[in-house]
Protein chains: 2
Amino acid sequence: MDVFAALADPVRRQLLLRLATGPARVVDLAATHDISRPGVSKHLRLLGEAGLVRAERRGRERHYRLEAAALQPVVELVAALRGPGQAGSRSPRFTDQVLAGLDLEVRRTTAERTTRDRGAARPGRDTHHRAEEDSA
Amino acid sequence: MDVFAALADPVRRQLLLRLATGPARVVDLAATHDISRPGVSKHLRLLGEAGLVRAERRGRERHYRLEAAALQPVVELVAALRGPGQAGSRSPRFTDQVLAGLDLEVRRTTAERTTRDRGAARPGRDTHHRAEEDSA
DNA sequence: CGAAATGGTAACCTATTGGTTACCTGTTCG
DNA sequence: CGAACAGGTAACCAATAGGTTACCATTTCG
């Protein structure tokens with residue numbers, strides 16, 4: 001099962017969100033998600049096939065943990081659909097950390113230049129993200 | 001049908017990628033995607049339910065166009081799973097246009113600062129933005 | 001007008017999903 | 001040891017998805 005199909009089920013999305021807060025066992029997941037234990041087991045198997053989850057054996061228990069790197073195809077698709085004309089749509093894309101870094105960097109440096117140039121450096125339009133109503 | 005389920009089908013993803021290059025009619029989509037016309041119609045109806053697509057009547061034709069804004073829940077989920085501790089998952093998110101702008105902006109202004117601080121570095125015309133091989 | 005083109009819907013069929021219960025294996029520990 | 005716990009798998013079942021063909025409505029245009 002590919003990552004898109006894996007994300008299509010609401011129960012699996014809930015499981016992933018739960019795992020985003022830290023590893024968990026099957027019984028824990030079953031207890032908090034109103035589904036039988038074999039049901040959870042099956043979902044975890046599918047998530048494992050999609051690479052979204054990894055199991056770590058510890059004694060008789062099995063600790064499942066999230067593998068966020070497997071979300072890459074989703075990020076790429078979204079990028080391709082959101083910005084068809086310009087930037088990339090191919091290859092890795094930016095992570096949120098990088099985004100935050102860019103944002104900070106731009107705000108700081110544009111502020112510097114604005115102060116230095118006294119208004120000559122196109123002030124306001126910087127990080128105000130919108131662009132959905134593009135070309136038309 | 002929610003947006004996640006809508007993206008689960010490979011044919012629908014192909015249709016969306018096609019629509020990302022511009023509006024298209026049902027017959028056009030059917031011609032290039034090895035599926036019957038009613039099949040395309042059904043997929044488009046589901047995509048419409050998910051808000052990912054909008055139809056515009058023009059005579060007896062119907063032009064379907066992509067609605068990228070409907071991808072928001074996907075972006076939010078990915079953000080929540082990727083960076084539970086750090087960045088966002090809140091608010092609109094960045095578009096590729098903005099990303100390209102940020103990239104350019106940072107490179108230019110950091111080059112300026114470097115030039116200003118250290119003396120002789122590369123001149124500011126580095127507009128060759130790339131950022132593909134980072135993050136992992 | 002009437003034929004052709006666009007495209008939506010209905011009816012139908014098969015494969016897949018998502019859930020269950022029942023059962024089995026392996027591990028811990030009183 | 002043996003009971004209890006963790007968890008995977010098999011068998012089964014109802015519902016849904018995705019595809020098709022057939023049919024219908026609307027619009028264009030010779």
Side-chain angles (χ1 to χ4, degrees), chain A residues 1-19 21-67 70 73-74 77, chain B residues 1-19 21-67 70 73-74 77:
Chain A
M1 171 164 295
D2 66 294
V3 62
F4 294 101
L7 292 181
D9 187 87
V11 173
R12 282 195 290 272
R13 289 198 297 275
Q14 288 301 316
L15 292 176
L16 289 175
L17 286 169
R18 171 72 146 73
L19 290 178
T21 70
R25 302 173 303 160
V26 176
V27 281
D28 303 327
L29 296 171
T32 56
H33 284 86
D34 191 39
I35 187 181
S36 69
R37 191 191 44 70
V40 172
S41 229
K42 281 172 77 170
H43 279 306
L44 287 174
R45 182 158 53 86
L46 297 181
L47 289 172
E49 285 178 25
L52 284 165
V53 130
R54 212 186 69 219
E56 179 187 338
R57 315 193 56 146
R58 284 181 51 177
R60 68 179 160 182
E61 302 180 352
R62 216 160 284 201
H63 293 241
Y64 283 87
R65 74 172 55 242
L66 179 65
E67 285 291 315
V74 179
L77 179 70
Chain B
M1 172 165 294
D2 66 294
V3 62
F4 294 102
L7 292 181
D9 186 87
V11 173
R12 283 196 289 271
R13 289 197 297 274
Q14 288 301 316
L15 291 176
L16 289 175
L17 287 169
R18 170 73 146 72
L19 289 178
T21 71
R25 301 173 304 160
V26 175
V27 280
D28 303 327
L29 297 171
T32 56
H33 284 88
D34 190 40
I35 186 180
S36 70
R37 189 191 45 69
V40 172
S41 231
K42 282 172 75 171
H43 279 305
L44 287 174
R45 182 159 52 86
L46 297 181
L47 289 172
E49 285 178 24
L52 283 164
V53 130
R54 212 186 69 218
E56 180 186 338
R57 289 192 145 84
R58 285 181 49 175
R60 68 180 159 183
E61 302 179 351
R62 218 159 280 202
H63 293 241
Y64 282 87
R65 74 171 56 243
L66 180 64
E67 286 290 316
V74 180
L77 178 70

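Values reported hereafter were calculated over all heavy atoms of this structure, with side chains retained and with hydrogens, waters and symmetry mates removed. Since we're looking at a predicted model, the values are computed, not measured. Chain naming here is simple, since letters A, B, ... match the order of the sequence lines and numbering starts at 1 in each.
Scanning atom types as modelled, no donor and acceptor separated by under 3.5 angstrom connect the side chain of A/Lys42 and the base of D/dG8.
Proximity of A/Arg37 to the phosphate of D/dA6: no side-chain N or O atom is located under 4.0 Å from OP1 or OP2. Distances shown here put a side-chain N or O of A/His43 below 4.0 Å from the OP1 or OP2 atom of C/dG19. Regarding contacts with the backbone of C/dG18, a side-chain N or O of A/Arg12 is found under 4.0 angstrom from either OP1 or OP2. For B/Ser36 and D/dG19, the shortest distance from a side-chain N or O to OP1 or OP2 is not below 4.0 Å. Here B/Arg62 reaches the OP1 or OP2 of C/dG8: one of its side-chain N or O atoms lies under 4.0 Å away. Between B/Tyr64 and C/dT6, a side-chain N or O to OP1/OP2 separation shorter than 4.0 Å is absent.
Of the candidate nucleotides D/dT9, C/dG18, C/dA4, C/dA4 has the atom nearest to the side chain of B/Arg60. Distances from the side chain of A/Pro38 to the nucleotides D/dA22, D/dG18, C/dT21 place C/dT21 closest.
When rounded to the nearest whole Å, the span between CZ of A/Phe4 and P of C/dT17 equals 16 Å. D/dG19 atom C1' lies 15 Å from atom CG of B/Leu44, rounded to whole Å. In this structure, B/Ile35 places its CD1 atom 8 Å from C1' of D/dG18, rounding to the nearest Å. At whole-Å resolution of the value, CZ in B/Arg45 and C1' in D/dT16 are 13 Å apart. Summarising the geometry, the separation between CG on A/Asp9 and P on D/dA15 is reported as 17 Å, rounded to the nearest angstrom. Note: CG (A/Leu29) to C1' (C/dG18) measures 17 Å, nearest angstrom. Counting to the nearest Å, the C1' atom of C/dG8 and the CZ atom of B/Arg25 are 16 Å from each other. The interatomic distance linking B/Glu49 (CD) with D/dG18 (P) rounds to 12 Å, in whole Å.
Two residues, B/Ser41 and A/Ala8, neighbour DNA chain C, and the one matched to the more 5' nucleotide by heavy-atom proximity is B/Ser41. Map B/Leu46 and B/Glu61 each onto its nearest nucleotide of DNA chain D; the residue landing nearer the 5' end is B/Leu46. Where A/Gly59 and B/Asp28 meet DNA chain C, the nucleotide closest to each residue was compared, and B/Asp28 sits on the side nearer the 5' end.
Tested against B/Leu52, the residues B/Leu15, B/Val74, B/Leu7, B/Leu19 include a single side-chain contact (heavy atoms from CB on, under 4.5 Å) partner, B/Leu7. A/Glu56 pairs with exactly one of A/Arg65, A/His63, A/Arg62 by the side chain to side chain donor-acceptor pair (under 3.5 Å) rule, that one being A/Arg65.
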**OP:** Could you give me the CA-CA distance, side-chain angles and deciding distance for A/Gln14 and A/Asp34, then say whether side chain to side chain contact (heavy atoms under 4.5 Å, CB included) is met?
**Re:** CA-CA 11 Å; A/Gln14 288 301 316; A/Asp34 191 39; over 6 Å; no

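Considering only heavy atoms from C-beta on, B/Leu29 stays 4.5 Å or farther from B/Ile35 through its side chain.
Note on A/Gly39: a base of the nucleic acid sits closer than 4.0 angstrom, heavy atoms only. B/Val40 comes within 4.0 angstrom of nothing in the nucleic acid, heavy atoms only.
Within the 3.5 Å criterion, the main-chain N or O of B/Gly51 finds no donor-acceptor partner in the side chain of B/Glu67. Remark: side-chain polar atoms of A/Thr21 are not paired, donor with acceptor, to backbone N or O of A/Leu17 under 3.5 angstrom.
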